[in-house]
Number of protein chains: 2
Amino acid sequence: MRTLDEKFLDSKFVYDGRLLKVYSDRVLLPNGKESFREIVKHPGAVAVVPVLDNGDIVMVRQYRYPVGDTMLEIPAGKLDPGEAPEACVIRELAEETGYVSGHIRKLTAIYTTPGFSNEVIHIYLATDLVMTEQNTDEDEFINVETYSKEQLKEMVVTGVIQDAKTIIGLLLAGL
Amino acid sequence: MRTLDEKFLDSKFVYDGRLLKVYSDRVLLPNGKESFREIVKHPGAVAVVPVLDNGDIVMVRQYRYPVGDTMLEIPAGKLDPGEAPEACVIRELAEETGYVSGHIRKLTAIYTTPGFSNEVIHIYLATDLVMTEQNTDEDEFINVETYSKEQLKEMVVTGVIQDAKTIIGLLLAGL
């Protein structure tokens, strides 16, 4: 088995955006040549499949500017600096949907785009949900929509749901 | 139902990398305020679950620099300008694994990171595989590994496989 590893040589911070931080790193390839790897550095995120007592699942719909359309997704959000994923799940779920969960369980963690970003999303299942009040950020516009597992399974299989973390969360939650 | 749409105002090309093209767009939010959306524009990609006649699945392992480790994934690659996804599937599968497929079927299309990129991956199932010869790009280092469906299911459920497109492809292929 040949080695596949690439060795870090040096890094340049090439774009310092409000959200996106882009680096261009010089690396040594397995064949001894040099190349460049461009990376969007991301703080990491959580996503959560919130299951109501009757089995229905709480989803959020929001406009996704890069896609140019609204998308139906499971609730999710970026980790604050130093924040534990479990705390982030509880916080984001409450902010986006108003539901507070009495029980969460980790399903998996995924890399969304390992070719150009280190973004990792920790995906959880949340149950024992109690309704409080939605409390989104000022510039966040989110509709909360509830679906049965059968409806969501149909939407995954027919390609109506296209968000990667959402498809994985729903399938691993046992659609 | 309130409107969620954001309106495009203008766009600035802020980072012109070898691979990454980053734009910062000014948008009008549903509340009438202005904001900025940073986007990594991506040409789109394909991924493919190659199933051998005995039911085993052909996987690829490569070093993913942003993650800092090798990852086990289904074969995948970016669309060339004007290339049809079906042609790209056949090409990438042959280049990365050496297998030529006699039959492909679309499983779904996913957005990997709709929060900051327009990357879409068209995912296919490939069967009727015939071995030819692996033919990777000069700077591409890929090991081909074959697993049974049971092995892959275990690796998805236990979080050993962490690549989003791979988890979705394998689950929709009926692991």
Side-chain angles (χ1 to χ4, degrees), chain A residues 1-6 14-15 17-20 22 24-25 27 29-31 33 35-42 45 61-68 70-71 73 108-121 138-139 141-143 156-157 159 162-165 167-168 171-172, chain B residues 1-6 8 14-15 17-20 22 24-25 27 29-31 33 35-42 61-68 70-71 73 108-121 138-139 141-143 156-157 159 162-165 167-168 171-172:
Chain A
M1 178 87 68
R2 34 176 206 173
T3 179
L4 300 167
D5 291 10
E6 300 173 359
V14 291
Y15 178 64
R18 291 163 191 240
L19 168 70
L20 296 183
V22 183
S24 178
D25 289 7
V27 302
L29 300 178
N31 63 1
K33 290 189 186 179
S35 188
F36 288 88
R37 298 289 179 225
E38 294 167 337
I39 313 163
V40 177
K41 290 214 178 160
H42 191 282
R61 185 182 296 279
Q62 59 188 312
Y63 191 78
R64 289 303 201 172
Y65 185 79
V67 174
T70 62
M71 290 186 77
E73 302 173 34
T108 196
I110 63 168
Y111 285 99
T112 52
T113 50
F116 68 87
S117 175
N118 65 345
E119 184 186 39
V120 59
I121 304 183
E138 193 195 353
D139 284 356
F141 304 90
I142 293 176
N143 283 342
V156 166
V157 171
Q162 295 197 297
D163 173 56
K165 67 178 176 301
I167 296 171
I168 292 171
L171 290 175
L172 290 184
Chain B
M1 180 84 71
R2 30 176 208 172
T3 179
L4 299 167
D5 290 11
E6 300 173 359
F8 169 84
V14 292
Y15 178 64
R18 291 162 190 241
L19 168 70
L20 297 183
V22 183
S24 178
D25 289 8
V27 303
L29 301 177
N31 64 0
K33 289 189 185 179
S35 188
F36 288 88
R37 299 289 178 225
E38 294 167 337
I39 312 164
V40 177
K41 290 212 180 163
H42 192 282
R61 185 181 296 279
Q62 58 187 314
Y63 190 78
R64 288 303 201 172
Y65 184 79
V67 173
T70 61
M71 292 185 77
E73 304 173 35
T108 195
I110 62 168
Y111 285 99
T112 52
T113 51
F116 68 87
S117 175
N118 65 345
E119 185 185 38
V120 59
I121 303 183
E138 193 195 352
D139 284 356
F141 304 91
I142 293 176
N143 283 342
V156 166
V157 171
Q162 295 197 297
D163 173 55
K165 67 178 175 301
I167 298 171
I168 292 172
L171 290 175
L172 290 184

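The sequence lines fix the lettering, A, B, ..., with proteins before strands; numbering per chain opens at 1.
- Interface residue A/S35: only side-chain heavy atoms are found under 4.5 Å from chain B.
- Note that CG of B/L19 is 11.0 Å distant from CD1 of A/I39, once rounded to the nearest 0.5 Å.
- Most heavy-atom pairs under 4.5 Å with chain A: of the set B/T113, B/D5, B/D25, this distinction falls to B/D5.
- Per-residue counts of heavy-atom pairs under 4.5 Å with chain B were compared for A/V27, A/V67, A/V22, A/V120; the largest is that of A/V67.
- Highest contact tally toward chain B, considering only A/G17, A/G68, A/P30, is held by A/P30 [criterion: heavy-atom pairs under 4.5 Å].
- Contacts of B/S117 with chain A are made by both backbone and side-chain atoms, with heavy-atom separations under 4.5 Å.
- In this structure, chain B has heavy atoms under 4.5 Å from both the backbone and the side chain of A/F116.
- Between chain A and the options B/M71, B/R64, B/E38, heavy-atom pairs under 4.5 Å are most frequent for B/E38.
- Side chains of A/I167 and B/L171 form no contact here, defined as non-hydrogen atoms less than 4.5 Å apart.
- To the nearest 0.5 Å, atoms CD1 (A/I168) and CD1 (B/I110) are separated by 7.0 Å.
- Annotation: maximal heavy-atom pairing with chain A below 4.5 Å, among B/V157, B/V40, B/V156, B/I121, occurs at B/V40.
- Among A/T70, A/L20, A/N118, the residue making the largest number of heavy-atom pairs under 4.5 Å with chain B is A/L20.
- In this structure, chain B has a heavy atom under 4.5 Å from the backbone of A/Q62, while its side chain stays farther away.
- With sequence neighbours excluded, no residue forms a ring pair (Phe, Tyr, Trp, His ring centres under 6.0 Å) with B/Y111.
- For the atom pair B/L4 CG and A/F141 CZ, the distance stands at 9.0 Å (nearest 0.5 Å).
- A/A164 approaches B/A164 most closely through the heavy-atom pair CB-CB, 4.2 Å.
- Looking at A/T108, the atoms closer than 4.5 Å to chain B (heavy atoms on both sides) all sit in the side chain, from C-beta outward.
- Both the backbone and the side chain of A/V14 have a heavy atom closer than 4.5 Å to some heavy atom of chain B.
- The minimum heavy-atom distance linking A/E73 with B/P114 is given by the pair OE2-CG, 4.3 Å.
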